[in-house]
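All residue numbers refer to positions in the sequence shown, counting from 1. One-based numbering, in listed order, for ligands and for the atoms of each.
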Amino acid sequence: MKYIFVTGGVVSSLGKGLAAASIGTLLEHRGLQVILQKFDPYLNVDPGTMSPYQHGEVYVLDDGAETDLDLGHYERFTHVNLSQVNSLSSGQVFENVIKNERAGKYLGATVQFIPHVTDEIKDRLEMVTERNRDTDVIITEIGGTVGDIEGHLFLEALRQFALEVGNENVCFIHVTLLPMVKAAGEIKTKPTQQSVAKLREIGIQPDIIICRTEHHLDDDNKRKIAMFCNVKKKNVVAFRDVENTIYECPLDLRKDKIDRLVSDTLGLESKSPDLSKWQGFVDRLVNPSKITSIAVVGKYIDLNDAYKSIYESLTIAGAEHDTAVNVVKIDAEDIEKEGAQAIIGNVNGILVPGGFGERGTEGKILAAQYARENKIPYLGICLGMQIATIEFARNVCGLAKANSTEFNKETEHPVISLQEEQQGIVDMGASMRLGSCASTVYPGTKSFELYGQADTIHERHRHRWEFNPAYRKKLEGGGLTIASVSKDEGLVEIIEIADHPFFIGAQFHPEFKSKPNQPHPLFSGLIAASLENS
Ligand code: GLN
């Protein structure tokens, strides 16, 4: 097995995740099999309990693991299908060490950061290695910035690990920033030198340095970085700001042949990549012939990362239709203040994404009503499906006080309610209905057509509340179509309105299953319907 470790230096938000994902893309195109994973130094056991304002979107895997949004990049940029073992935080590491200590597993030893904590990290690498024997390369991104106190133990563990498996099987890639000092008109390499010096202090010598820069990285600067950082000049790679889309990142990194450098460093045999399909996808993104506008009505709207996979899914579906998607980000509370017509009166389609808590829900309900009444394409995801159900119950079925018990425990008509198994839950971590499950799609529905007449689908979930089966008859009587239910418990998975060009609510999260050239059918359907409505 070969290993790539991607660390970051100088500042955060350098696009380390995109760099790791892009290396994955390029290596796959060289015919290699890869796995990607992330080690995060924070103390939360997983990001499931973090606010989107803190951490951006929580990305959910098939097995229900709640993970960092970088895992979304990994799954979109490659063919990997990740699991909970591919996401490790300090919180998990310490939780295990303390559990072992209490269980007496350390046989009387003083439990220490080294070796016990570092062993725990190395154990994870070994476990992933064991499970992926047919893989060529495991790419691990280390969250945070070199020099942070909290990342130190991960780096120490990697240093030990490299020694144990042999340095020839490991490629350390350090992603850094080359700032431009405008007054001097120069790119500065010193922060990079110092950050690499920090790594070397720990005993890690990077093999490749990826330099994030807004400017041209000339030979002189490459030579300087090479000399001060003790790497070959050809292993100093530029990673420019991409102009249009993040899907250009692999193409940009390919200019300096990073995939070849990695392959050579690890002694792998691989072929030159044929990126024509990827390039074709990027070309379609960059030069679309049509445009459509979709309002995303949410509450974390000022933070791009909070709805990452939603935005990516819209872009990917747009490319399939040769269409640029103009995403209009709407704060649901603005609709509460000014009404739907004023705020979303001129968009071609409306999407209400997932969310938690009451704030903004009445604005979202107004958005769903506006979409239904004016025949504007609507896609509701998770909370957006629950919102559409409440709206339908109130305004079509005459249940004026209908609500979800999440927002009003005493509501007269709990059309969205807690399932029995959710009722006594006290611990908030990893206790929702999580991960992939199979559901049946009924013939004759729009969803059935969109899914290519598949009668069984597998989609990922992350929610506590459900469509209340006690109201199913009443809502169906009013004209709501139940298009899909889960195979195990018959929980409502998709609702539709038949007498509407496109009105779909999904209890699951289709945004976690879009990839370049493979848009999710529900997103693709929304874009097609929005184009019709322009
Ligand atoms: N808050 C809702 C629930 O827990 C919806 C969750 C979501 O949109 N992910 O059921």
Between Leu450 and Pro521 the two heavy atoms that sit nearest each other are O-CB, 3.3 Å
Any N or O of Gln507 that comes nearer than 3.5 Å to an N or O of ligand 1?
-> no
Is it possible for you to check whether Arg212 lies under 6.0 Å from the centre of the six-membered ring of Phe239, through NZ or CZ, and within 45° of that ring's axis?
-> yes
Could you check atom 10 (O) of ligand 1 against the protein and tell me its nearest heavy-atom contact, residue, atom and distance included?
-> Trp465 N, 2.8 Å
Look at ligand 1 and say whether Gln386 reaches it with a heavy atom at a distance under 4.0 Å.
-> yes
Main-chain N/O of Ile494 paired to Gln507 side chain as donor or acceptor, under 3.5 Å = no
So, is Gly354 polar-close to ligand 1, with some N/O to N/O distance under 3.5 Å?
-> no
Stacked cation flag Lys513 on Phe523, 6.0 angstrom / 45 deg | no
Those atoms of ligand 1 less than 4.0 Å from some heavy atom in His509 = 9 (N)
Tyr300 vs Tyr53 aromatic rings, parallel, tilted or perpendicular, using cut-offs 30° and 60°?
-> perpendicular
If you measure from the Lys or Arg side-chain nitrogens to the Asp or Glu carboxylate oxygens, is any gap between Arg359 and Glu333 under 4.0 Å?
-> yes
Would you mind running through ligand 1 and noting each atom that sits below 4.0 Å from a heavy atom of Cys382?
-> 5 (C), 6 (C), 7 (C), 8 (O), 9 (N)
Taking all non-hydrogen atoms of both residues, which atom of Ser89 and which atom of Asp46 are closest, and how far apart?
-> OG-N, 4.4 Å
Got the closest protein heavy atom to atom 4 (O) of ligand 1, with its distance?
-> Arg464 N, 3.0 Å
If you measure every N/O of Gly355 against every N/O of ligand 1, is any gap under 3.5 Å?
-> yes
Distance filter under 4.0 Å to Arg462 heavy atoms, resulting ligand 1 atoms | 6 (C), 7 (C), 9 (N)
What atoms in ligand 1 come closer than 4.0 Å to a heavy atom of Glu406?
-> 1 (N), 2 (C), 3 (C)
